[in-house]
A.B. asks: 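After the structure tokens below, expect a handful of questions from me.
Since the model is a prediction, treat every value here as computed from it, not as a measurement.
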Amino acid sequence: MHSQFKTRRTLRWRVVDIVVASVIGVAAGLIFWIWNLFYAPVTAPLEVVAPGAQALLYGVWLFAGVLGGLIIRKPGAALYTELVAAIVSALVGTQWGGALTILSGLAQGLGAEIVFALFLYGNYRAYVAVLAGAGAGLGMAVNDLITWYPAMDFSFKAIYGVSAVISGALIAGLLSWLLARALARTGALSRFAAGREVAARA
């Protein structure tokens, strides 16, 4: 009974959780906005080689939810941070319009959130981060293929989907895990389990 109570308290959001998740979301939203300006020429060579492969670099849009989930470690953290990032990106201005940008954030954040939920918000090892990133990539692919590419052929959709999942796993998943650990080593996450975990192993 005591352990159950402790689990409930652990999963309850604190004020510091909301503040830090919001900061992550806002910072990520500004990074998204910068990436919006430069992604096309950067990803164009991949699209020439194999239409759909441009999604191999789209993981930049997915890291907010994974990073938020890894640091906050509470139900809804991945979805919240990705949505905040999308809202900030939409407010600053995107070429896709505010509503569709927020819809993308919802799909991407939900993809990561589901993975953390499947592990009952109790496992934040590297492979879980990679799976959460892949989940965000899958959410992105499903949303994009329905919203932007419904008329494309199967080959494009398959390449796009696989590329999005790989990009999510590596860029949003693995790199976010490494970033969270790097932040923890600085002591910046001392008020979070993510920081205490790294400190205990040092």
Side-chain angles (χ1 to χ4, degrees), residues 2-32 34-35 56-89 105 108-140 164-202:
H2 175 71
S3 61
Q4 292 176 353
F5 177 72
K6 184 177 180 181
T7 300
R8 286 198 297 270
R9 287 190 60 179
T10 300
L11 295 180
R12 186 177 300 146
W13 282 65
R14 305 166 298 169
V15 173
V16 67
D17 297 324
I18 298 172
V19 171
V20 172
S22 299
V23 169
I24 293 171
V26 171
L30 296 176
I31 292 173
F32 291 175
I34 295 171
W35 180 236
L56 282 169
L57 296 178
Y58 286 1
V60 176
W61 282 309
L62 308 175
F63 81 91
V66 180
L67 184 62
L70 290 173
I71 292 175
I72 306 302
R73 300 188 174 187
K74 303 290 174 65
L79 179 59
Y80 176 80
T81 49
E82 191 71 36
L83 263 179
V84 169
I87 290 169
V88 169
S89 179
Q108 296 157 10
L110 190 59
E113 186 71 38
I114 288 172
V115 173
F116 288 125
L118 288 174
F119 287 91
L120 304 178
Y121 302 101
N123 186 340
Y124 295 91
R125 295 185 176 93
Y127 72 88
V128 177
V130 168
L131 288 174
L138 180 60
M140 177 182 70
V165 170
I166 292 173
S167 182
L170 296 180
I171 298 176
L174 184 58
L175 290 185
S176 289
W177 184 79
L178 292 172
L179 177 58
R181 287 179 64 84
L183 288 171
R185 289 192 188 99
T186 69
L189 304 181
S190 59
R191 298 187 66 182
F192 298 88
R196 294 191 295 271
E197 181 181 279
V198 171
R201 294 176 180 175

A.B. asks: Looking at side-chain heavy atoms only, is the closest gap between L183 and I71 below 4.5 Å?
C.D. replies: yes
A.B. asks: Tell me the closest heavy-atom pair linking L67 and S176, and the distance in Å.
C.D. replies: CD1-O, 3.6 Å
A.B. asks: Sequence neighbours left out, cut at 3.5 Å: what donor-acceptor pairs do the side chains of residues 21-32 make with other protein atoms?
C.D. replies:
{"from": "S22", "atom 1": "OG", "to": "I18", "atom 2": "O", "distance (Å)": "2.7"}
{"from": "S22", "atom 1": "OG", "to": "Y80", "atom 2": "OH", "distance (Å)": "2.7"}

A.B. asks: Is there a side-chain contact between F192 and D17 (heavy atoms, below 4.5 Å)?
C.D. replies: yes
A.B. asks: Would you compute the distance between atom OH of Y58 and atom CD of Q108 and round it to the nearest 0.5 angstrom?
C.D. replies: 12.0 Å
A.B. asks: Rounded at 0.5 Å granularity, tell me how far CG in L138 sits from CG in L62.
C.D. replies: 11.0 Å
A.B. asks: With sequence neighbours left out, write down each residue that passes side-chain contact (heavy atoms from CB on, under 4.5 Å) with A78, or none if nothing qualifies.
C.D. replies: A112, E113, F116
A.B. asks: Checking R181 now: which residues fulfil side chain to side chain donor-acceptor pair (under 3.5 Å) with it, not counting sequence neighbours?
C.D. replies: none
A.B. asks: Between E82 and G65, is there a donor-acceptor pair closer than 3.5 Å when you use the side chain of the first and the backbone of the second?
C.D. replies: yes
A.B. asks: Indicate yes or no for a side-chain donor-acceptor contact from W13 to the backbone of P75 under 3.5 Å, with no hydrogens or angles considered.
C.D. replies: yes
A.B. asks: How close do V115 and L131 get, heavy atom to heavy atom, and via which atoms?
C.D. replies: CG2-O, 3.5 Å
A.B. asks: Ignoring hydrogens, what is the shortest heavy-atom contact between G195 and A184? Give both atom names and the distance.
C.D. replies: CA-CB, 3.8 Å
A.B. asks: The criterion is side-chain contact (heavy atoms from CB on, under 4.5 Å); which residues satisfy it with R196, sequence neighbours excluded?
C.D. replies: A193
A.B. asks: Once side chain to side chain donor-acceptor pair (under 3.5 Å) is applied, do any residues pair with S89, and if so which ones, sequence neighbours excluded?
C.D. replies: N36
A.B. asks: Rounded to the nearest 0.5 Å, how far apart are CG of L120 and CG of L11?
C.D. replies: 9.5 Å
A.B. asks: Do V20 and I72 come within less than 4.5 Å of each other through their side chains, counting heavy atoms only?
C.D. replies: yes
A.B. asks: If every non-hydrogen atom of W177 is compared with every non-hydrogen atom of A129, which pair is closest and at what distance?
C.D. replies: CB-CB, 3.8 Å
A.B. asks: Please round to the nearest 0.5 Å and tell me the distance separating atom CG of L70 and atom CZ of F63.
C.D. replies: 12.0 Å
A.B. asks: Does R191, at its CZ atom, have more than 12 non-hydrogen atoms belonging to other residues, nucleotides or ligands within less than 6.0 Å?
C.D. replies: no
A.B. asks: For L178, enumerate each residue passing the side-chain contact (heavy atoms from CB on, under 4.5 Å) test, keeping only those at least two apart in sequence or located in another chain.
C.D. replies: L174, L175
